[in-house]
Amino acid sequence: MNYWLVKSEPFKYSWDDFVKEGKSVWDGVRNYQARNNMKAMKKGDWVFFYHSNEGMEVVGLAEVLTEFYQDPTTEDPRWVVVELIPKQKLEKTVSLKTMKADDRLQSLALIKQSRLSVTPVLKAEFDIILSLAQ
DNA sequence: GCCAACGTTGGC
DNA sequence: GCCAACGTTGGC
């Protein structure tokens with residue numbers, strides 16, 4: 001089991017939109033590192049849902065429903081999508097500020113590579129973030 | 001609105 | 001293959 005974090009700008013696609021639809025095809029990723037992370041996702045992996053730009057906080061937990069396949073929004077075979085389903089909303093959101101201030105989260109990929117839209121989360125980091133969400 | 005950090009493109 | 005120029009993301 002692996003853990004991940006995906007970013008979305010809430011005014012484009014928010015957690016609430018995600019819950020309303022019940023499922024999301026995570027398309028439009030055009031960055032190799034993010035793509036490679038998506039290819040490494042396995043069905044059942046857990047994925048934090050983070051609001052970038054506005055909010056700047058982890059708001060919910062999703063699960064990988066379908067592993068990667070060709071991105072239907074492009075002919076270009078380099079790009080892929082995964083399908084995610086909402087699992088649960090966090091009791092308390094966890095802000096970027098909180099994570100940056102936590103000594104235990106200094107190597108979090110979200111913090112180290114702030115522009116990457118799909119990042120891995122270590123098990124230890126995952127547990128810490130979940131504990132901050134209660 | 002600014003700008004740092006990256007990623008990409010294209011000329012050489 | 002290098003690197004300058006440019007574009008984008010996202011925190012502040």
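Each chain gets a letter, A, B and so on, in the order its sequence line appears, and its residues count up from 1.
- Residues meeting the salt bridge (Lys or Arg N to Asp or Glu O under 4.0 Å) test with A/Lys87, sequence neighbours left out: A/Glu63.
- Contacts classified as ring-ring contact (aromatic ring centres under 6.0 Å, His included) and involving residues 101-124 of chain A (residues at least two apart or in different chains) are not found.
- A search for ring-ring contact (aromatic ring centres under 6.0 Å, His included) contacts involving A/Tyr50 returns nothing, not counting sequence neighbours.
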Between side-chain atoms of residues 37-44 of chain A and protein atoms elsewhere (two or more places apart, or another chain), which donor-acceptor pairs fall under 3.5 Å?
unit_1, atom_1, unit_2, atom_2, d
A/Asn37, ND2, A/Gln33, O, 3.3
A/Asn37, ND2, A/Val118, O, 2.6
A/Lys43, NZ, A/Leu65, O, 3.3

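- Comparing A/Lys100 and A/Lys12 by the nucleotide of DNA chain C whose heavy atom lies nearest to each, the residue mapping closer to the 5' end is A/Lys12.
- Residue pairs meeting the ring-ring contact (aromatic ring centres under 6.0 Å, His included) criterion with at least one partner in residues 54-73 of chain A, sequence neighbours excluded, are absent.
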Please list every donor-acceptor pair under 3.5 Å in which a side-chain atom of residues 127-134 of chain A meets a protein atom from a residue at least two apart or in another chain.
unit_1, atom_1, unit_2, atom_2, d
A/Asp127, OD1, A/Lys123, NZ, 3.1
A/Asp127, OD2, A/Lys123, NZ, 2.9
A/Ser131, OG, A/Ile128, O, 2.7

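- The footprint of chain A on DNA chain B, defined by a heavy-atom cutoff below 4.0 Å, extends from B/dA5 to B/dT8.
- In this structure, A/Glu54 reaches neither bases nor backbone, as no heavy-atom distance under 4.0 Å exists between it and the strands shown.
- Pairs passing the ring-ring contact (aromatic ring centres under 6.0 Å, His included) check and including a residue from residues 74-105 of chain A, sequence neighbours excluded, read A/Tyr32-A/Trp79.
- In the hydrophobic clustering of ILVMFWY residues, with side-chain heavy atoms under 4.5 Å counting as a link, A/Val6 and A/Val80 come out together.
- A heavy atom closer than 4.0 Å to some atom of DNA chain B occurs in A/Lys112, A/Arg115, these being the qualifying members of residues 106-122 of chain A.
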